[in-house]
Protein chains: 2
Amino acid sequence: MSDFLYLRENNIKEIIELMLEAYTESYSDPYEILKKNSFGRAHHRLICTVNANPGMKVADLIKKLKITKQSLSRVLQELIKDKIISQSKGKIDGRQRLLHLTEKGEKISEEIFSIQKERILKAFKECDSQEVLNFKKVLKKIINN
Amino acid sequence: MSDFLYLRENNIKEIIELMLEAYTESYSDPYEILKKNSFGRAHHRLICTVNANPGMKVADLIKKLKITKQSLSRVLQELIKDKIISQSKGKIDGRQRLLHLTEKGEKISEEIFSIQKERILKAFKECDSQEVLNFKKVLKKIINN
DNA sequence: TTTATGTAGTCAGTATTGCTGACATATATT
DNA sequence: AATATATGTCAGCAATACTGACTACATAAA
């Protein structure tokens with residue numbers, strides 16, 4: 001067992017539960033906006049990820065969301081039909097379909113974001129700049145396993 | 001628009017996407033262990049939350065997981081039948097059912113945790129004690145909206 | 001050029017997770 | 001005794017995700 005308090009099992013365990021809770025809270029905020037557009041959690045995950053990674057290819061989206069292409073396809077086709085997301089053929093590799101938010105997609109994404117932002121801003125205003133930067137740094141390290 | 005860099009829209013937006021990604025990554029790690037026990041995401045959320053809040057009542061679990069009692073009930077009854085979670089009548093308020101992990105439940109919880117821990121520990125070892133404490137602090141502030 | 005591989009799309013069927021509404025039971029409160 | 005609260009249950013439905021099999025097309029390798 002480590003001598004460093006912050007590496008102790010109980011601390012790690014607590015943080016894992018806090019991450020679940022923070023995710024559940026943050027992603028429940030936009031519920032009404034999503035519902036208004038007949039979208040659900042799956043659409044939300046897709047919009048959020050494409051927004052953060054414009055021009056990403058389908059395979060990368062599948063990898064990030066950890067779902068099968070069949071599961072992705074249903075939701076993606078709905079968003080394409082609703083003109084929230086657009087696809088373009090890859091210029092270097094013509095097999096790829098690159099994903100972008102449309103203007104309409106950007107608008108919905110902003111609407112969703114503005115609700116989530118409230119919670120995050122409220123939290124961050126009680127923190128100093130360094131704490132927020134560290135938070136981001138740690139998040140990134142968790143992702144890059 | 002704020003003068004504080006860390007409160008700028010792009011930073012907040014990036015952090016929201018990182019939280020989604022960190023959650024997706026962290027909660028995909030225990031997949032094999034859950035599958036082995038014929039459990040899914042719903043069971044996982046339940047086990048994790050009861051583990052972190054032993055003796056919590058059903059209503060609190062519903063509130064935390066943001067699902068209906070009917071949705072909870074199906075999964076909870078499965079876990080009770082499999083002797084992963086136990087219920088006890090509240091001593092102060094006899095209507096309440098207080099939830100605990102059984103010995104078997106603790107064991108599975110540990111098994112799940114040990115996989116998730118790897119990722120978190122790896123990340124935390126690249127950070128100093130203060131950064132990890134800040135991370136936890138910010139997470140908590142996000143939750144307490 | 002032919003063949004193999006990689007990217008994406010599609011069809012069919014199934015399991016899991018979540019919802020609503022209605023109703024039941026036990027306990028607590030007034 | 002009447003009402004409110006906490007939990008459980010039944011039935012039906014919708015959304016999300018899975019597997020397997022197959023197609024179409026583009027690129028890479030032989």
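Every chain is numbered from 1 and lettered A, B, ... according to where its sequence line falls, protein lines coming before strand lines.
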Tell me: [atom1] of [X] to [atom2] of [N], nearest whole Å?
| X | N | atom1 | atom2 | answer |
| --- | --- | --- | --- | --- |
| A/Tyr31 | C/dG18 | OH | P | 13 Å |
| B/Ile92 | C/dT29 | CD1 | P | 11 Å |
| B/Leu34 | C/dT16 | CG | P | 13 Å |

Between [Y] and [X], does any NZ, NE, NH1 or NH2 come within less than 4.0 Å of an OD or OE carboxylate oxygen?
| X | Y | result |
| --- | --- | --- |
| A/Lys64 | B/Glu25 | no |
| B/Glu21 | A/Lys66 | no |
| A/Lys13 | B/Glu110 | yes |

Nearest-nucleotide comparison on DNA chain D, the residue closer to the 5′ end among A/Lys91 and A/Arg45: A/Arg45

N/O (side chain, B/His43) to phosphate O (OP1/OP2, C/dT16) under 4.0 Å: no

Side-chain (B/Glu17) to main-chain (B/Glu14) donor-acceptor, under 3.5 angstrom: no

Side-chain donor/acceptor of B/Ser114 to backbone N/O of B/Glu111, under 3.5 Å: yes

Nucleotide-resolved protein contact map, nucleotides 1-12 of chain C, B/S/- at heavy-atom distance under 4.0 Å: -----BSBBBB-

Scan [X] against the nucleic acid and name what it touches under 4.0 Å (heavy atoms): base, sugar-phosphate only, or nothing.
| X | result |
| --- | --- |
| A/Lys35 | nothing |
| A/Arg74 | base |
| A/Lys66 | sugar-phosphate |

Close side-chain approach of B/Leu72 to B/Leu46, heavy-atom, < 4.5 Å: yes

Span of DNA chain D in contact with chain B (heavy atoms, under 4.0 Å): D/dT5 to D/dC10

Listed partners of A/Arg41 passing side chain to side chain contact (heavy atoms under 4.5 Å, CB included), at least two apart: A/Tyr23, A/Arg45, B/Tyr23, B/Arg41

Residues which pass side chain to side chain contact (heavy atoms under 4.5 Å, CB included) with A/Asp60, listed by chain and number, not counting sequence neighbours: A/Met56, A/Lys57

Angle by which the axis turns from one end of the helix from C/dT1-D/dA30 to C/dT30-D/dA1 to the other, five pairs per end, to 10 degrees: 30°

Other residues, nucleotides, ligands: >12 heavy atoms within 6.0 Å of A/Lys104 NZ: yes

Within residues 88-97 of chain A or reaching into it, pairs that qualify as side-chain hydrogen bond (donor to acceptor under 3.5 Å, both in side chains) - sequence neighbours excluded: A/Asp93-A/Arg95

B/Tyr27-B/His44 aromatic ring centre distance below 6.0 Å: yes

